[in-house]
Amino acid sequence: MTRHFLSLLDFTPKELRALIERAMTLKAILRRREPHEYLRGRSLALIFEKSSTRTRVSFEAGITQLGGNSMFLAPAELQLGRGEPLEDTARVISRMVDAIVIRTHEHAKITAFAAHSQVPVINALTDRYHPCQLLADIQTYFELKGDIAGRRAAWVGDGNNVCHSWINAARQFGFTLRVATPPGYEPSADVVADAGDHVHLTHSPQDAVAEADVVITDTWASMGQESEKDVRAQAFRGFCVDDALMERARNDAIFMHCLPAYRGLEVSAGVIDGQRSAVWDEAENRLHAQKALLEFLLN
Ligand code: CP
Ligand code: NVA
């Protein structure tokens with residue numbers, strides 16, 4: 001059976017932990033400049049319906065370092081953009097390449113694509129989840145602070161795709177996540193319900209971050225929500241992660257953000273550019289974690 005990576009729930013906790021270990025090993029191998037062309041001659045197709053800096057560059061650089069190649073396919077240039085059914089596109093492309101990375105809006109689109117693909121499909125972000133981001137984020141936590149099991153994480157901001165993947169991570173890696181959102185911006189009830197005791201919702205950023213080991217936020221207006229930007233900026237007043245809020249977390253707490261970030265809105269410049277910020281490690285680890293993912297799915 002073809003394995004896909006559409007959410008963190010597609011892998012077992014044991015598989016996810018092995019991936020994180022492997023990502024750290026691949027990072028060390030790259031640092032030593034040792035050849036590691038474990039996917040020589042393999043091809044990766046990337047279909048992105050939304051903008052991307054980190055995800056695209058990390059997948060393209062990653063497969064190249066592993067000895068394979070990538071092709072970036074803008075939907076407007078594919079027959080998909082002219083109305084060829086998604087299912088037909090999946091059948092055709094998956095007969096030619098070894099894995100397909102997709103960034104799109106509706107999560108149902110990627111599940112439909114995967115159902116008709118002969119090769120692994122990787123979720124590079126949908127409106128519902130961003131699982132690749134979480135591989136890098138958990139790797140970063142392990143590197144900076146050790147095992148995240150039993151620890152306390154705090155999400156401050158929008159209950160969005162990245163938040164949903166943090167909720168899944170809390171289940172899969174065994175930690176607690178407190179999520180603070182304004183009323184009306186909570187994560188989806190089904191994602192929360194499935195996580196049981198691992199997740200707690202509040203409308204108070206101060207309560208969420210109390211004694212947290214890691215504080216996380218993301219943009220208040222995700223891709224596709226550009227027209228809601230001003231309304232959201234109003235609704236999220238008081239949710240900026242600044243020094244005063246970080247003071248309530250543990251002394252050694254770190255700050256995470258998937259990027260791109262908007263200084264002065266969801267995070268202050270002092271926090272994202274300060275001592276506790278792990279954002280550049282997170283961004284770099286996209287490369288290492290996704291190389292481990294490709295190796296796992298393709299070998
Ligand atoms: N964090 C993230 O996925 O960034 P990009 O949108 O630049 O890929
Ligand atoms: N929540 C953001 C994440 C970007 C990487 C978005 O979906 O736009």
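Whatever order the structure lists ligands and atoms in, that order sets their numbers, starting from 1.
With a heavy-atom cut-off of 4.0 Å, R286 touches ligand 1 through its side chain alone. Looking at L125 against ligand 1, nothing comes within 4.0 Å, counting heavy atoms.
Ring pair Y38/H36 is tilted by interplanar angle, where 30° to 60° counts as tilted.
Side-chain contact between S43 and M96 is absent, with no heavy atoms from C-beta onward closer than 4.5 Å. Side-chain contact between T219 and D158 is absent, with no heavy-atom pair separated by less than 4.5 Å.
Protein heavy atom at the shortest distance from atom 8 (O) of ligand 2 is M223 N, 2.8 Å. The single protein non-hydrogen atom nearest to atom 7 (O) of ligand 1 is T53 N, 2.7 Å, given as residue, atom name and distance. The single protein non-hydrogen atom nearest to atom 3 (C) of ligand 2 is D218 OD2, 3.6 Å, given as residue, atom name and distance. Scanning the protein for heavy atoms near atom 7 (O) of ligand 2, the closest one is N161 ND2, 2.8 Å. Given atom 4 (O) of ligand 1, the protein heavy atom at minimum distance is R54 NE, 2.8 Å.
Not a single heavy atom of T55 lies less than 4.0 angstrom from ligand 2. Look at H130 and you'll find a heavy atom under 4.0 Å from some atom of ligand 1.
When each atom of ligand 1 is checked for a heavy atom of L259 under 4.0 Å away, the hits are 1 (N), 2 (C), 4 (O). Under a 4.0 Å criterion applied to the non-hydrogen atoms of C258, ligand 1 contributes the atoms 1 (N). Interface of R103 with ligand 1, defined as ligand atoms under 4.0 Å from a residue heavy atom, comprises 3 (O), 5 (P), 6 (O), 8 (O). Within the listing of ligand 2, atoms 5 (C) sit less than 4.0 angstrom from a heavy atom of L259.
Tested against K50 for a side chain to side chain donor-acceptor pair (under 3.5 Å), the candidates T104, T126, D127 yield a single pass: D127. For the side-chain contact (heavy atoms from CB on, under 4.5 Å) with N123, the qualifying choice from H107, H4, R103 is H107, the only one to do so.
Between T219 and ligand 2, not a single N/O pair is under 3.5 Å apart. For ligand 1, none of its N or O atoms has an N or O atom of M223 under 3.5 Å away. The shortest N or O to N or O distance between S222 and ligand 2 is under 3.5 Å. Backbone and side-chain nitrogen or oxygen atoms of L125 are examined, and none is located within less than 3.5 angstrom of a nitrogen or oxygen of ligand 2.
Counted within 6.0 Å of CG on D230, heavy atoms from surrounding residues, nucleotides or ligands total 12 or fewer; the atom is thus considered open.
Stacking of R56 on the aromatic ring of F72 is recorded, both the 6.0 Å distance cut-off and the 45° axial limit being met.
Remark: R178 does not engage D207 in a salt bridge, criterion side-chain N to carboxylate O under 4.0 Å. Comment: D147 engages R17 in a salt bridge, judged by a side-chain N to carboxylate O separation of less than 4.0 angstrom.
The minimum heavy-atom distance between Y185 and A235, with the atom names listed, is CE1-CB, 3.6 Å.
In terms of modelled atom types and a separation under 3.5 Å, the side chain of H164 and the main chain of S188 share a donor-acceptor contact.
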